Participant: 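Okay, handing you the structure first.
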Amino acid sequence: GLLTGLGAAGIAGASGLAAGGLIERDTSAQGDLARELSRGRSAPEEGRPPALLTPTPSQVHVVAVDLRAERPDQVSQQARTVLRLWGEQARELHEHGLAEIVEGAPTQGLHPASLGITLGLGASLLERAGLAGRRPEPLADLPEFAADDLDPALCGGDLMLHVGAEDPLVVSAAVEHLLGLVREHAVVRWSLPGFQRSAATAADPSATPRNLMGQIDGTVNPHPDQAQFGPQVLAAHPDEAASWMDGGTYVVVRRIRMLLDDWFDLEPHQREQVVGRRLSDGAPLGGDREDALPDLAARGDDGEPVIAANAHIRLASPERTLGARMLRRGFSYDLGWSGGRREIGLLFTAWQADPRTGFTAVQRELDEGGDALNTYIRHEGSAVFAVPPVRENQPHPAHDLW
Ligand code: HEM
């Protein structure tokens with residue numbers, strides 16, 4: 001559901017406010033949740049990357065920047081400055097909100113909206129800063145995939161800023177503020193705003209959200225209650241060189257355009273075969289509930305597999321990918337039309353301990369197995385960032401790099 005695969009801390013924090021009497025009780029569950037989220041703060045918890053602590057926000061903006069400098073010592077200097085400014089401001093914004101720290105801010109009169117800021121470092125930053133020796137092995141470049149249709153202008157980046165909240169104005173104003181602070185040091189390489197349905201609109205806010213293809217997306221995901229969550233999602237770096245990432249996570253961000261005219265030309269039952277799940281309730285074909293285990297061996301009366309050989313969930317299943325797992329948090333994007341072309345799709349983010357055994361292992365299966373979904377999507381942007389854990393009242397862990 002909305003909370004699937006995410007720490008309960010964000011919600012717990014918001015409920016704390018409710019218990020303190022700040023929230024008027026609403027009889028409907030979605031009223032409660034929507035209010036808690038929109039009024040909540042998302043102060044990061046010790047030792048965890050903030051984006052993984054909060055429920056998936058309904059609004060997000062991922063911005064990748066490059067530092068302006070070219071000489072390694074100057075790149076280092078700028079990286080330190082930007083990380084310090086963003087680290088300090090993130091703390092202020094989490095605690096006080098923009099309106100309290102900037103006079104005349106656009107967010108005056110708005111609740112904090114669970115604003116959450118997450119910072120990531122790209123491999124290009126470490127290489128350009130002369131810190132190749134501190135580059136953790138999981139921060140490897142992604143290999144090329146047959147299905148790639150990447151535009152270099154939509155890929156990579158020295159640093160990532162991931163801003164999420166329950167309100168689009170709060171996100172926009174925070175991004176503007178944070179980028180304004182570092183204008184002298186950094187230029188935006190690419191950025192992509194995304195969204196999910198809001199808790200206030202959902203008939204059942206705990207239900208797994210749908211993407212713009214109409215599919216329930218996010219069902220199979222590691223959950224923080226599960227023993228596997230730590231090993232699969234959080235990075236373990238006992239080695240000295242990469243210790244700055246111990247307890248962090250690696251995020252793979254992909255801009256995946258959807259060819260929705262072609263998709264909706266398919267009959268609904270054909271769309272179900274592409275993924276291997278029912279459109280109505282997200283149950284695996286042949287199963288009766290969303291959380292039923294897909295029966296990949298089942299065959300129909302015609303002797304054909306019930307879940308097709310090239311169905312997305314068959315190829316992405318742990319059986320095929322040796323149990324590779326990542327926390328997938330998908331957002332929709334809709335940028336209208338550009339040069340007459342529809343710019344709409346999935347802002348795919350996947351958080352894992354090691355992209356080589358997470359995203360890359362799965363994407364390779366989807367590629368080599370000829371994922372039926374590939375006809376209806378185009379991978380246009382790609383990046384990997386190291387997301388260190390947050391340590392309260394301490395400088396950003398990336399400062400250990402210098
Ligand atoms: C499952 C959609 C891209 C990995 C699913 C499901 C849907 C879906 C509807 C079934 C429900 C669920 O478990 O969430 C999409 C769409 C994509 C896309 C529309 C692109 C626009 C990707 C990519 C990866 C990926 C790029 C990783 C490389 C997975 C995994 C599962 C999954 C691991 C769970 C499989 C299992 O049942 O074990 N996806 N997906 N997906 N997808 Fe995707």
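Both ligands and their constituent atoms are indexed starting at 1 by order of listing. If you're wondering where the values come from, they're calculated on a predicted model, not measured in any experiment.
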Participant: With no hydrogens and no angle check, is any side-chain donor or acceptor of Trp351 less than 3.5 Å from a backbone partner on Thr249?
Facilitator: no
Participant: Return the residue, atom name and 0.1 Å-rounded distance of the protein heavy atom closest to atom 37 (O) of ligand 1.
Facilitator: Val220 CG2, 3.5 Å
Participant: Considering only the protein, which heavy-atom contact is closest to atom 23 (C) of ligand 1, and what is its distance?
Facilitator: Phe348 CE1, 3.5 Å
Participant: Please identify which atoms of ligand 1 are closer than 4.0 Å to at least one heavy atom of Leu366.
Facilitator: 23 (C), 24 (C), 28 (C)
Participant: Taking distance alone, with no angle check, do Thr219 and ligand 1 share an N/O pair under 3.5 Å?
Facilitator: yes
Participant: Do Arg299 side-chain atoms and Glu304 backbone N/O form a donor-acceptor pair below 3.5 Å?
Facilitator: no
Participant: Pairs of nitrogen or oxygen atoms closer than 3.5 Å, one from His312 and one from ligand 1: do any exist?
Facilitator: yes
Participant: Looking only at side-chain N and O atoms, does Glu166 offer a donor or acceptor that is under 3.5 Å from a partner on Ser114?
Facilitator: no
Participant: At a non-hydrogen distance cut-off of under 4.0 Å, which region of Asn211 contacts ligand 1 (side chain, backbone, both, or neither)?
Facilitator: side chain
Participant: Quick test of your reading of the model: are Arg189 and Asp158 salt-bridged, counting only N-O distances below 4.0 Å?
Facilitator: no
Participant: Quick check: does Arg325 get an N/O under 3.5 Å from an N/O on ligand 1?
Facilitator: yes
Participant: Is it true that Arg328 lies under 4.0 Å from ligand 1, counting heavy atoms only?
Facilitator: yes
Participant: Under 3.5 Å, side chain of Arg314 to main-chain N/O of Ala308, donor-acceptor pair present?
Facilitator: yes
Participant: Take atom CG in Asp261; do more than 12 heavy atoms of anything else shown fall under 6.0 Å from it?
Facilitator: no
Participant: Go through ligand 1 atom by atom and flag the ones less than 4.0 Å from a non-hydrogen atom of Met213.
Facilitator: 19 (C)
Participant: Tell me which one of Leu315, Ile256, Leu373 gets a heavy atom nearest to atom 17 (C) of ligand 1.
Facilitator: Leu373
Participant: Which of the atoms in ligand 1, numbered in the order shown and given with their element, are less than 4.0 Å from a heavy-atom of Leu346?
Facilitator: 17 (C), 20 (C), 21 (C)
Participant: Can you tell me if Arg254 uses its side chain to pair, donor with acceptor, with the backbone of Leu346 under 3.5 Å?
Facilitator: no
Participant: What's the spacing between Asn221 CG and Gln226 CD if we round to 0.5 Å?
Facilitator: 9.5 Å
Participant: Just let me know how Asn221 lines up against ligand 1, side chain, backbone, both or neither, with a heavy-atom cut-off below 4.0 Å.
Facilitator: neither
Participant: Can you list the atoms of ligand 1 that are under 4.0 Å from a heavy atom of Ser317?
Facilitator: 38 (O)
Participant: Need the ligand 1 atom indices (1-based, order shown) with element for anything under 4.0 Å from a heavy-atom of Pro318.
Facilitator: 38 (O)
Participant: For ligand 1, does Asp217 get within less than 4.0 Å through its side chain, its backbone, both, or neither, judged by non-hydrogen atoms?
Facilitator: both
Participant: Just by distance, do the side chain of Arg342 and the backbone of Gly336 share a donor-acceptor pair under 3.5 Å?
Facilitator: yes
Participant: Looking only at protein heavy atoms, which one is nearest to atom 11 (C) of ligand 1, and what is the separation?
Facilitator: Ile216 O, 3.5 Å
Participant: Check whether the side chains of Thr208 and Glu290 place a donor and an acceptor atom closer than 3.5 Å, and report yes or no.
Facilitator: yes
Participant: Identify, by atom number and element, the atoms of ligand 1 in contact range of Arg277, meaning under 4.0 Å from any of its heavy atoms.
Facilitator: 10 (C), 11 (C)
Participant: Within a 6.0 Å radius of atom CG on Asp301, are there more than 12 heavy atoms belonging to other residues, nucleotides or ligands?
Facilitator: no
Participant: Looking at Gly218, which atoms of ligand 1 are within less than 4.0 Å of one of its heavy atoms?
Facilitator: 12 (C), 14 (O)
Participant: So for Pro294, does at least one of its heavy atoms come nearer than 4.0 angstrom to any atom of ligand 1?
Facilitator: no
Participant: Does the distance from a Lys or Arg side-chain N to an Asp or Glu carboxylate O, for Arg378 and Asp151, drop under 4.0 Å?
Facilitator: no
Participant: Taking distance alone, with N or O pairs closer than 3.5 Å, would you say Gln363 contacts ligand 1?
Facilitator: no
Participant: Using a 4.0 Å cutoff against the non-hydrogen atoms of Ile377, which atoms of ligand 1 qualify?
Facilitator: 20 (C), 21 (C)
Participant: Quick check on Glu176: does its CD atom have over 12 non-hydrogen neighbours (other residues, nucleotides or ligands) under 6.0 Å away?
Facilitator: no
Participant: Would you say ligand 1 has an N or O under 3.5 Å from any N or O of Phe359?
Facilitator: no
